[in-house]
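In what follows, every heavy atom counts, from backbone to side chain, and hydrogens, waters and symmetry copies are set aside. Small disclaimer: the values here were computed from a predicted structure and weren't measured.
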Amino acid sequence: MTTNTSTNSTPVRAPRLEFAKAAPKAFRALIAFDAAAREGLDPALVELIQIRASHLNHCAYCLHMHTNDARKAGESEDRLHMVAVWREARHFFTEREQAALALTEAVTLVAGAGVPDDVYAEAAARFDERELAQVLALIFTINTWNRVALSTAKAAGTDER
């Protein structure tokens, strides 16, 4: 394993593969899918979904990126700290956000129990059909991004956007 040193002197594993360079058409397609998924959704909701999926997938790279993006967009530190435990801190989140977070968990962990009917029904009650499709597409894209980052050993804090 190749390592280098980050700014805090902690060893950082070198990326295994520069996915964007090795598979540029696939990378551009994923970027286009991500952009299409976000279309028409509240930016705060977008970041909450991406943060929760990144928690569940243990993707430090994406978690770092999306918590920073959320802060830049004006998200409060209180809400950012509560995303991982949103069920115990529901008062920090709207009913729509709670439905989206529950759906994010179900889709991200789909192999465990599928997407329960009650979780889907709650999301369907909070979002119109187009919005629900956009939320699902966003969940699909962040799960894909998490897998790209984890598979290629992207290190948190190295986002170059």
Side-chain angles (χ1 to χ4, degrees), residues 19-20 23 25-161:
F19 183 74
K25 284 179 76 174
F27 186 77
R28 285 192 305 273
L30 186 51
I31 287 178
F33 183 29
D34 186 89
R38 296 164 181 261
E39 202 167 285
L41 292 178
D42 174 29
L45 181 66
V46 167
E47 295 305 332
L48 293 175
I49 289 168
Q50 293 179 124
I51 289 166
R52 187 64 189 127
S54 297
H55 284 145
L56 296 169
N57 288 319
H58 303 268
C59 185
Y61 179 84
C62 292
L63 183 59
H64 183 267
M65 179 190 320
H66 293 297
T67 54
N68 281 339
D69 288 351
R71 282 184 193 93
K72 289 175 190 170
E75 189 60 77
S76 74
E77 288 297 319
D78 280 345
R79 281 173 37 103
L80 289 176
H81 291 296
M82 294 297 121
V83 173
V85 293
W86 68 270
R87 290 178 193 279
E88 290 77 33
R90 289 179 186 266
H91 61 285
F92 281 92
F93 304 99
T94 68
E95 290 180 351
R96 281 171 57 97
E97 290 168 340
Q98 291 174 45
L101 290 168
L103 187 61
T104 299
E105 290 175 354
V107 173
T108 299
L109 303 172
V110 70
V115 177
D117 289 339
D118 63 325
V119 171
Y120 186 88
E122 182 64 23
R126 302 289 174 203
F127 296 94
D128 67 34
E129 192 170 87
R130 186 202 60 80
E131 291 172 319
L132 183 57
Q134 294 299 121
V135 167
L136 284 167
L138 183 67
I139 296 167
F140 303 157
T141 61
I142 188 55
N143 275 281
T144 302
W145 284 123
N146 288 163
R147 281 150 180 76
V148 169
L150 290 164
S151 299
T152 61
K154 299 286 281 182
T158 62
D159 176 42
E160 297 174 0
R161 290 178 305 143

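In terms of heavy atoms, Asn143 sits closest to Ile139 at ND2-O, 2.8 Å. Closest heavy-atom contact between Glu39 and Gln134: O-NE2, 3.2 Å. The two residues Leu48 and Arg79 come nearest to each other via the heavy atoms CD1-NH2, 3.3 Å. Summarising the geometry of Ser54 relative to Leu63, their closest heavy-atom pair is CB-N, 3.8 Å, with the distance given to 0.1 Å. Ala44 approaches Glu75 most closely through the heavy-atom pair CB-OE1, 4.0 Å. For the residue pair Ala156 and His64, the shortest heavy atom distance occurs at CB-CB, 4.0 Å.
A search for ring pair (Phe, Tyr, Trp, His ring centres under 6.0 Å) contacts involving Phe27 returns Trp145, not counting sequence neighbours. In this structure, the salt bridge (charged side-chain N to carboxylate O under 4.0 Å, His left out) partners of Arg71, at least two apart in sequence or on a different chain, are Glu77.
How far CD1 of Ile51 is from SG of Cys62: 11.0 Å, rounded to the nearest 0.5 Å. Atom CG of Asp159 sits about 4.0 Å away from atom OH of Tyr61, to the nearest 0.5 Å. Here CD of Gln50 is found 6.0 Å from OG1 of Thr141. Values are rounded to the nearest 0.5 Å. To the nearest 0.5 Å, atom CG of residue Asp69 and atom NE2 of residue His66 are 6.5 Å apart.
Among pairs with a residue in residues 25-35, those fulfilling salt bridge (charged side-chain N to carboxylate O under 4.0 Å, His left out) read Asp34-Arg38, at least two apart in sequence or across chains. Listed by first then second residue, pairs satisfying side chain to side chain donor-acceptor pair (under 3.5 Å) with a partner in residues 114-126 read Glu95-Arg126, Glu122-Arg126, not counting sequence neighbours. For residues 129-144, every residue pair satisfying the salt bridge (charged side-chain N to carboxylate O under 4.0 Å, His left out) rule, not counting sequence neighbours, is listed here: Arg96-Glu131.
Looking only at distances, no side-chain donor or acceptor of Ser151 sits under 3.5 Å from a matching main-chain atom of Val148.
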Using atom types as modelled, flag every donor-acceptor pair under 3.5 Å from a side chain in residues 99-106 to any protein atom, sequence neighbours excluded.
from, atom 1, to, atom 2, distance (Å)
Thr104, OG1, Ala100, O, 2.7
Glu105, OE1, Arg87, NE, 3.4
Glu105, OE1, Arg87, NH2, 2.7
Glu105, OE2, Arg52, NE, 2.8
Glu105, OE2, Arg52, NH2, 3.2
Glu105, OE2, Trp86, NE1, 2.7

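Under the 4.5 Å side-chain criterion, counting only non-hydrogen atoms from C-beta, Phe93 is in contact with Met82.
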* To do: Report the C-alpha separation of Leu45 and Ile49 in whole Å, then their side-chain angles, then the decisive distance to 0.1 Å, and conclude whether the side-chain contact (heavy atoms from CB on, under 4.5 Å) test is met.
  => CA-CA 6 Å; Leu45 181 66; Ile49 289 168; 3.9 Å; yes

